[in-house]
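Down below is the structure, laid out as structure tokens.
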Amino acid sequence: NAGVMQNPRHLVRRRGQEARLRCSPMKGHSHVYWYRQLPEEGLKFMVYLQKENIIDESGMPKERFSAEFPKEGPSILRIQQVVRGDSAAYFCASSPPGQIGDSPLHFGNGTRLTVT
Amino acid sequence: AQKITQTQPGMFVQEKEAVTLDCTYDTSDQSYGLFWYKQPSSGEMIFLIYQGSYDEQNATEGRYSLNFQKARKSANLVISASQLGDSAMYFCAMREHPPGGNNRLAFGKGNQVVVIP
């Protein structure tokens, strides 16, 4: 039973380009959470999605960032016109539907984005 | 507002010694959960231990235990008999219970631990 799969593991983009980060949740999970980790910082919540719905985007920057979780395929975090400050590790986690109580969120290995 | 506070500077601990990592939290919820994760230099996030707000016993998981003091809103992680492989960043996280099945976690900034032989 594969865990949360993220790709690519490392991504290098020049300023102004677009970055697309992919996340495939664990089997049976239909909820996805994206987090960003800046250097020397903890994980900051960005967005929570269910299939075809954004439920909570309270942590998403207002511009250039978007996320989707289509009916088929992985969840995508998209960053348009990247800037150096977007350089960070981006983690995805998934959960099954409903409250999961004492169960932890299981994270993918992250995508390390470097903007040059 | 910061919900999870981890303020210790980087810590060096002798192999086989115990180390305590501090975590304080802020919530007005009666029901919440506290989690600790380990992040080694390779970068993945590894779940270690969980404590529920209504649990009367402190959680234990192998060499990991939680010193949970609800009135003080603290959930300190204790690692006993440190091993070289324990060198990592350690993050405290909290789950409140917003409606709609949102299981998101709020993380602290982490504690750096280096185990020396």
Side-chain angles (χ1 to χ4, degrees), chain A residues 3-6 8-11 23 25-26 29-51 53-60 67 88-114, chain B residues 1-10 21 23 25 29 31-55 57 59 61 64 66 68 88-112:
Chain A
V4 178
M5 304 298 292
Q6 289 188 249
R9 189 74 192 267
H10 299 276
L11 182 61
C23 170
M26 288 178 70
H29 288 192
S30 56
H31 296 193
V32 163
Y33 308 77
W34 284 95
Y35 283 78
R36 176 165 65 174
Q37 184 180 29
L38 295 169
E40 311 299 325
E41 295 282 326
L43 275 68
K44 298 287 189 193
F45 170 77
M46 299 180 76
V47 62
Y48 160 49
L49 308 103
Q50 298 173 12
K51 286 278 188 183
N53 282 305
I54 297 173
I55 307 300
D56 178 356
E57 56 182 345
S58 57
M60 284 283 268
Y90 292 83
F91 287 91
C92 170
S94 70
S95 71
Q99 291 288 348
I100 61 174
D102 58 358
S103 295
L105 286 182
H106 291 282
F107 288 85
N109 286 334
T111 293
R112 273 93 187 144
L113 173 65
T114 302
Chain B
Q2 183 75 23
K3 289 184 178 287
I4 299 288
T5 302
Q6 296 178 261
T7 57
Q8 285 166 302
L21 307 180
C23 171
Y25 58 91
D29 282 7
S31 175
Y32 52 89
L34 296 155
F35 300 79
W36 278 90
Y37 284 80
K38 171 184 177 182
Q39 186 177 44
S41 57
S42 50
E44 68 267 34
M45 293 292 289
I46 302 167
F47 165 69
L48 296 178
I49 194 167
Y50 165 83
Q51 179 82 46
S53 58
Y54 287 113
D55 293 341
Q57 303 267 13
E61 196 69 52
Y64 304 108
L66 237 157
F68 180 47
M89 284 289 288
Y90 290 83
F91 292 97
C92 180
M94 178 172 65
R95 172 179 293 144
E96 296 174 305
H97 295 293
N102 188 340
N103 296 294
R104 77 183 203 201
L105 298 174
F107 283 83
K109 291 189 173 183
N111 300 96
Q112 178 75 54

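Only a predicted model underlies this, so the values are computations on that prediction, with no experimental measurement involved. Lettering of chains follows the sequences in order, A, B, ..., and the numbering in each one begins at 1.
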K44(A) NZ to K109(B) NZ distance, which is reported to the nearest 0.5 Å: 6.0 Å
Is it the backbone or the side chain of S58(A) that comes under 4.5 Å from a heavy atom of chain B, or both, or neither? side chain
Flag if over 12 foreign heavy atoms under 6.0 Å of CE, M5(A): no
Chain B: which of A93(A), A89(A), G59(A), S103(A) shares the most heavy-atom pairs with it under 4.5 Å? S103(A)
If every non-hydrogen atom of N102(B) is compared with every non-hydrogen atom of Y33(A), which pair is closest and at what distance? OD1-CE2, 3.7 Å
Looking at side-chain heavy atoms only, is the closest gap between R95(B) and L105(A) below 4.5 Å? yes
Does atom CD of Q8(B) have more than 12 heavy-atom neighbours from other groups under 6.0 Å away? yes
With only heavy atoms counted, which part of Q51(B) is less than 4.5 Å from chain A, the side chain, the backbone, both or neither? neither
Taking every non-hydrogen atom, the tightest pair across E44(B) and R112(A): N-NH2, 4.3 Å
Does a side-chain heavy-atom distance below 4.5 Å link F91(B) with Q37(A)? yes
To check you understand the geometry: which heavy-atom pair defines the closest contact between F91(A) and G43(B), and what is its length? CZ-O, 3.3 Å
Just how far is it from atom CZ of R104(B) to atom OH of Y48(A), taken to the nearest 0.5 Å? 11.0 Å
Non-hydrogen atoms of P104(A) and Y37(B) that approach each other most closely: CB-OH, 3.5 Å
